[in-house]
Amino acid sequence: MLYKKKELILHWGADVLLCLFQVLKWGFCSIFSFLSCKVILLGYPVASVTEQRARERLGEIGYWFMLSSFFFFFFFSIIGVNMERFAEEADVVIVGGGPAGLSAAIRLKQLAAEHNKEIRVCLVEKASQIGAHTLSGACVEPRALEELFPDWKERGAPLNTPVTEDKFGILTEKSRIPVPIIPGLPMVNHGNYIVRLGHFVSWLGEQAEALGVEIYPGYAAAEVLFHEDGSVKGIATNDVGIQKDGAPKATFERGLELHGKVTVFAEGCHGHLAKQMYKKYNLRESCQPQSYGIGLKELWTIDEKKWKPGRVEHTVGWPLDRHTYGGSFLYHLKESEPLVALGFVVGLDYQNPYLNPFREFQRWKHHPTIQPTLEGGTRIAYGARALNEGGLQSIPKLTFPGGVLIGCSPGLMNVPKIKGTHTAMKSGMLASEAIFSQLINENLQSKTKGLHVQEYEENLKKSWVWKELYAVRNIRPSCHSVLGVYGGMIYTGIFYWLLRGMEPWTLKHPGPDFAQLKPAKECTPIEYPKPDGKISFDLLSSVALSGTNHENDQPAHLTLKDDSIPVSRNLALFDGPEQRFCPAGVYEYVPLETGEGSRLQINAQNCVHCKTCDIKDPSQNINWVVPEGGGGPAYNGM
């Protein structure tokens with residue numbers, strides 16, 4: 001089993017403390033009973049020698065009663081605390097209930113029905129309900145959905161807003177330069193749908209359950225289990241009912257083990273279990289470091305006169321400089337009320353530690369071409385999520401003994417399109433087809449107990465997913481030239497439009513995002529305007545709209561490898577960038593009680609599970625792990 005030192009201490013500590021508590025409780029009861037009897041007996045006067053001997057005899061009986069009671073309750077306390085985790089056996093275990101994981105589950109059950117086979121598929125999702133942790137723009141290309149469910153319209157898939165108008169522009173501080181969208185460029189959205197992805201994922205969950213997939217929402221996969229031969233055996237959910245200090249509560253329960261012939265990791269961007277697989281199986285040996293962005297999003301109801309259902313707008317430029325990758329979206333949804341989804345993405349390879357993605361988003365909304373749409377409207381939701389931007393160069397090896405990586409976990413997003421749902425779904429479907437082929441192969445001779453489904457990666461590289469990602473592979477890294485983002489636009493207009501990715505070179509990323517930050521002394525502090533409470537807002541009131549909630553009395557899920565690093569390095573060298581890059585106000589530097597110096601305070605209850613801290617921390621000192629299942633944001637159609 002893959003344990004870290006702190007996790008071992010936590011698990012063993014909880015077990016030992018619970019047993020000790022039971023022993024002390026019953027031991028105290030026995031001693032109290034014995035002493036009570038002695039006190040009562042001593043309170044009566046002695047009438048005769050016979051009575052004195054009787055009392056001494058009663059004292060001996062009480063003494064042995066105390067000892068026997070103590071050992072009796074000790075024995076039953078020990079056997080009453082079951083330290084074994086309950087284990088379930090399945091054919092396939094899927095971690096993550098997003099588009100990729102659910103598409104994989106659905107495709108497996110479809111194939112089982114087609115071949116009249118019984119296959120048990122179990123899916124765990126850390127959110128309290130399917131879709132509650134899902135956040136995306138989202139403008140979805142329906143290609144993969146049409147392959148999965150050709151009758152998706154008849155089934156009532158919530159794709160209610162076909163794109164009717166596509167706009168793109170470069171923002172300066174006061175104006176907008178329109179850029180024509182030429183057919184054939186990645187930004188063309190004809191035939192796509194604006195969706196509330198959380199609702200779409202919830203619908204996929206319903207389809208999966210109807211096919212017989214066992215879905216466990218509110219169960220956080222916290223640990224990878226291994227066979228003795230080193231192959232993946234399955235996962236275990238985290239123990240629940242543990243206090244902050246590691247002591248067990250009265251509600252303490254061990255986690256659940258799910259064993260499968262294959263475990264599918266569909267955790268989404270920067271999954272914490274996938275990180276462990278990268279290291280154990282050296283999956284990133286032949287690829288470049290992954291690059292990321294942070295996406296922030298709001299939902300607004302607006303004046304119906306300004307509402308243009310089906311309109312898609314994207315911008316680059318202000319308020320970011322040309323060397324900071326990023327841009328915005330503004331989508332008009334066709335709902336029962338005049339609703340728009342708007343958001344801002346900042347590449348996490350930015351260099352200035354004073355940059356604050358949340359405040360850049362709030363400032364963007366005041367642009368003269370954006371603010372009029374929002375005036376008189378009401379903000380109803382907020383959230384944030386990291387997204388993969390590395391593209392083809394950053395995709396790791398996708399298979400290993402007993403497991404596969406699908407969707408945004410390995411990073412299958414088409415960055416220039418700003419789309420990853422269709423590629424994530426298709427990867428899940430391809431993985432399931434390869435897995436199913438091995439499950440029903442009676443002549444299969446596997447070298448390990450956990451099946452190594454290498455055909456999945458081979459089939460993915462033959463599919464339209466790989467062709468699509470290969471064609472756009474150079475667009476994102478082309479933004480690292482002297483011209484920055486505008487260099488990337490020029491590259492797209494010339495090389496992509498003419499060659500469709502057939503150029504005989506592949507550009508590289510400069511390195512991991514966390515290594516791109518410059519020391520604070522080399523950068524200019526950024527002065528942000530105060531929020532007006534109408535168009536722009538403060539951070540904490542925004543987080544409140546995400547519905548985020550965690551059980552307060554539980555071990556921290558935002559862990560530090562070295563408690564001294566935040567002050568000694570991050571604050572001293574980079575002016576504490578974690579207090580700016582976090583979109584939920586989790587990290588803040590506060591004065592020490594002595595009045596001299598500062599310390600890093602972690603407000604873990606605010607965490608929206610975006611993973612930005614784990615990615616951008618310049619010291620790589622923060623390790624994000626799952627909290628108790630069900631905690632986190634409670635998005636409604638984000």
Side-chain angles (χ1 to χ4, degrees), residues 1-4 7 92-104 123-127 133-134 219-226 230-238 258 260 262-292 348 385-413 420 423-424 427-428 430-431 435 450 452-453 456-457 460 512-514 557 559 609-617 620 622-627:
M1 296 182 183
L2 193 65
Y3 277 107
K4 294 184 179 178
E7 292 170 335
V92 180
V93 175
I94 300 174
V95 181
L102 288 166
S103 296
L123 183 150
V124 293
E125 164 57 40
K126 63 185 175 63
H133 285 181
T134 300
Y219 284 78
E223 177 191 344
V224 182
L225 309 175
F226 296 95
S231 62
V232 174
K233 183 179 183 180
I235 59 94
T237 63
N238 51 9
L258 285 172
V262 181
T263 301
V264 179
F265 295 89
E267 300 171 278
C269 177
H270 206 65
H272 86 290
L273 296 183
K275 285 194 308 178
Q276 299 171 27
M277 299 301 97
Y278 296 151
K279 292 179 181 178
K280 180 174 178 63
Y281 297 109
N282 203 17
L283 302 179
R284 303 204 67 91
E285 180 182 20
S286 302
C287 70
Q288 294 178 33
Q290 184 59 262
S291 186
Y292 302 88
L348 288 177
R385 187 70 171 90
L387 55 148
N388 304 99
E389 292 186 347
L392 192 83
Q393 296 91 317
S394 301
I395 296 175
K397 192 175 188 305
L398 300 174
T399 68
F400 42 93
V404 299
L405 299 166
I406 65 172
C408 289
S409 184
L412 300 180
M413 178 177 169
T423 51
S427 71
L430 289 169
I435 291 168
H452 193 175
V453 191
Y456 156 54
E457 186 164 351
L460 184 70
D513 292 343
F514 68 84
H557 70 279
T559 61
H609 298 198
C610 73
K611 316 289 182 66
T612 303
C613 57
D614 197 308
I615 296 165
K616 189 60 175 174
D617 175 14
Q620 288 297 279
I622 299 172
N623 184 41
W624 192 99
V625 298
V626 289

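Smallest separation of non-hydrogen atoms from Gly407 and Pro410: O-CD, 3.1 Å. Residues Asp617 and Ile622 share a closest heavy-atom pair of OD2-N, 3.0 Å. Summarising the geometry of Cys408 relative to Ala424, their closest heavy-atom pair is N-CB, 4.4 Å, with the distance given to 0.1 Å. Across all their heavy atoms, Asn238 and Ala222 have their closest contact at CB-CB, 3.5 Å. Listed here is the closest heavy atom pair of Ser103 and Pro99: OG-O, 2.6 Å. Across all their heavy atoms, Ala220 and Pro627 have their closest contact at CB-O, 3.7 Å.
Every side-chain contact (heavy atoms from CB on, under 4.5 Å) that Ala386 has, sequence neighbours left out, goes to Cys269, Thr612, Ile615. Glu389 meets the salt bridge (Lys or Arg N to Asp or Glu O under 4.0 Å) test with Arg476; sequence neighbours excluded. Among residues two or more places apart in sequence or in another chain, the side-chain hydrogen bond (donor to acceptor under 3.5 Å, both in side chains) test is passed with Thr134 by none. Listed by chain and residue number, His133, His609 satisfy the side-chain hydrogen bond (donor to acceptor under 3.5 Å, both in side chains) test with Lys126 (two or more places apart in sequence, or in another chain). Looking at residues two or more places apart in sequence or on another chain, you find a side-chain contact (heavy atoms from CB on, under 4.5 Å) between Pro289 and Pro512. The side-chain hydrogen bond (donor to acceptor under 3.5 Å, both in side chains) search around Tyr292 returns His270, not counting sequence neighbours. Under the rule for a side-chain contact (heavy atoms from CB on, under 4.5 Å), the partners of Tyr278 that lie at least two apart in sequence or sit in another chain are Ala274, Leu283, Arg284, Pro396, Leu405. Taking the ring pair (Phe, Tyr, Trp, His ring centres under 6.0 Å) definition, one finds that Tyr281 meets it with Phe400, sequence neighbours left out. Here Thr263 pairs with Val93, Val95, Val232, Ile235, Phe265 under the side-chain contact (heavy atoms from CB on, under 4.5 Å) rule; sequence neighbours left out. For the side-chain hydrogen bond (donor to acceptor under 3.5 Å, both in side chains) test, residues two or more places apart in sequence or in another chain that qualify with Asp513 are Ser291.
In the displayed structure, Tyr456 atom OH is contacted under 6.0 Å by more than 12 heavy atoms of other residues, nucleotides or ligands.
Interatomic distance, CG of Leu102 versus CD1 of Ile94, reported as 8.0 Å (0.5 Å rounding). Taking SG of Cys613 as the reference point, atom CD of Gln620 lies at 10.0 Å (rounded to 0.5 Å). Atom OG1 in Thr237 sits 7.5 Å away from atom CG in Leu258 (nearest 0.5 Å). Put simply, CG on Leu398 and CD on Glu457 are 4.0 Å apart, with the number rounded to the nearest 0.5 Å.
With contacts defined as side-chain heavy-atom distances shorter than 4.5 Å, the pair Val264/Ile435 qualifies. At least one side-chain heavy atom of Gln276 sits less than 4.5 Å from a side-chain heavy atom of Leu273. Counting heavy atoms from C-beta on, the side chains of Ile395 and Cys287 never come closer than 4.5 Å.
Pairs of residues two or more places apart, or lying in two chains, never qualify as salt bridge (Lys or Arg N to Asp or Glu O under 4.0 Å) while including a residue from residues 391-410.
With hydrogens and angles ignored, the 3.5 Å screen pairs no side-chain donor or acceptor of Ser231 with any backbone N or O of Pro401. In this structure, Thr423 contributes its side chain and Gly420 its backbone to a donor-acceptor pair below 3.5 Å.
The only option from Lys275, His557, His272 that meets the side chain to side chain donor-acceptor pair (under 3.5 Å) definition with Asn623 turns out to be Lys275. Put simply, the residue from Asn282, Val224, Val404 that forms a side chain to side chain contact (heavy atoms under 4.5 Å, CB included) with Met277 is Val224.
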